[in-house]
Amino acid sequence: SYGRDARSERDVDPYVLHAEDGALYLFGWCHQAAGERRFRVDRIATATLLDERVDRPADASATTVFQPDDDDPRVTLRLSPEARWVLDAHPVETVTERPDGHVDVTMAVAAEPWFARLLVNLGPHVEVLEAPAHLATAGRRAAAAILARYR
């Protein structure tokens, strides 16, 4: 899992292979999670094909890569003009254009490590306006951990 920065072994009943933004995703029923999950194919280390056939359930979710849960925390970020690419690269829930060229966005965060990487990647081109305390400092803590590796 890129978002959690962890590996796991899963039994999955796959029913859709979907291409989005240059990546392939496997959609299916994950027995460990007891629910539908999406797996990026290039992050699957090994797979074993079983003899059983699986059909896509009639009530299966739409094939979009990220669907936030209602209880996922939301953050509001102010992005500089250089960081507008975030609007195209990540799902955002609200967008407020500012006269100075900055844009305020609200987005769901399903995994803190993913959010920390985003903040480090954006560097000086992002300001966290609103976020739960543990997410508000995620970028600073990740940057400090990276810096500590080089000391």
Heavy atoms, side chains only, cut-off 4.5 Å: are [X] and [Y] in contact?
X    : Y    : answer
L122 : L79  : yes
P132 : V75  : yes
L77  : D104 : no

Point to revise | Fellow cluster residues of L49, listed by chain then number, with links counted only when side-chain atoms sit under 4.5 Å apart | key: none

To the nearest 0.5 Å, what is the distance between [atom1] on [X] and [atom2] on [Y]?
X    : Y   : atom1 : atom2 : value
W29  : Y15 : CH2   : OH    : 7.5 Å
E130 : T76 : CD    : OG1   : 4.5 Å
L24  : D42 : CG    : CG    : 8.0 Å

Can you name the nearest heavy-atom pair linking [X] to [Y], along with the distance?
X    : Y    : result
I44  : T46  : CG2-O, 3.4 Å
A136 : A131 : N-CB, 3.9 Å
V120 : I146 : CG1-CD1, 4.0 Å
A138 : A116 : O-CB, 3.7 Å
P14  : V12  : CD-O, 3.0 Å
R10  : Q32  : CD-OE1, 3.2 Å

**Study point:** Criterion side-chain contact (heavy atoms from CB on, under 4.5 Å) against C30, the qualifying member of E36, R38, R37
**Key:** R37

Revision key, fill the gap. Only one of V128, V109, L119 passes side-chain contact (heavy atoms from CB on, under 4.5 Å) with L135, and that residue is V109

Point to revise | CA sep, side-chain torsions, deciding dist, call: V95, L87, side-chain contact (heavy atoms from CB on, under 4.5 Å) | key: CA-CA 8 Å; V95 177; L87 299 174; 3.9 Å; yes

Exercise for review: Could you walk me through whether Y25 and R43 pass the side-chain contact (heavy atoms from CB on, under 4.5 Å) test, one step at a time?
Suggested key: CA-CA 10 Å; Y25 294 86; R43 294 190 182 130; 5.8 Å; no

Take a 6.0 Å sphere around [atom1] of [X] and say whether it holds more than 12 heavy atoms from other residues, nucleotides or ligands.
X    : atom1 : result
R141 : CZ    : yes
D71  : CG    : yes
N121 : CG    : yes

Check your understanding: V103 and L129: same hydrophobic cluster, using ILVMFWY side-chain contacts below 4.5 Å?
Key -> no

Practice item. Tell me, please, which residues at least two apart from S80 pass side-chain contact (heavy atoms from CB on, under 4.5 Å). Key: E82, A83, H102, H125

Point to revise | Donor-acceptor contact present, side-chain R98 to main-chain T96, <3.5 Å | key: no

Review point. Which is it for E93 and M107 under the side-chain contact (heavy atoms from CB on, under 4.5 Å) test, yes or no, and what are the steps along the way?
Key: CA-CA 5 Å; E93 296 178 351; M107 60 193 325; 5.7 Å; no

Point to revise | Those residues that, when tested against E97, pass side chain to side chain donor-acceptor pair (under 3.5 Å) (two or more places apart) | key: R84

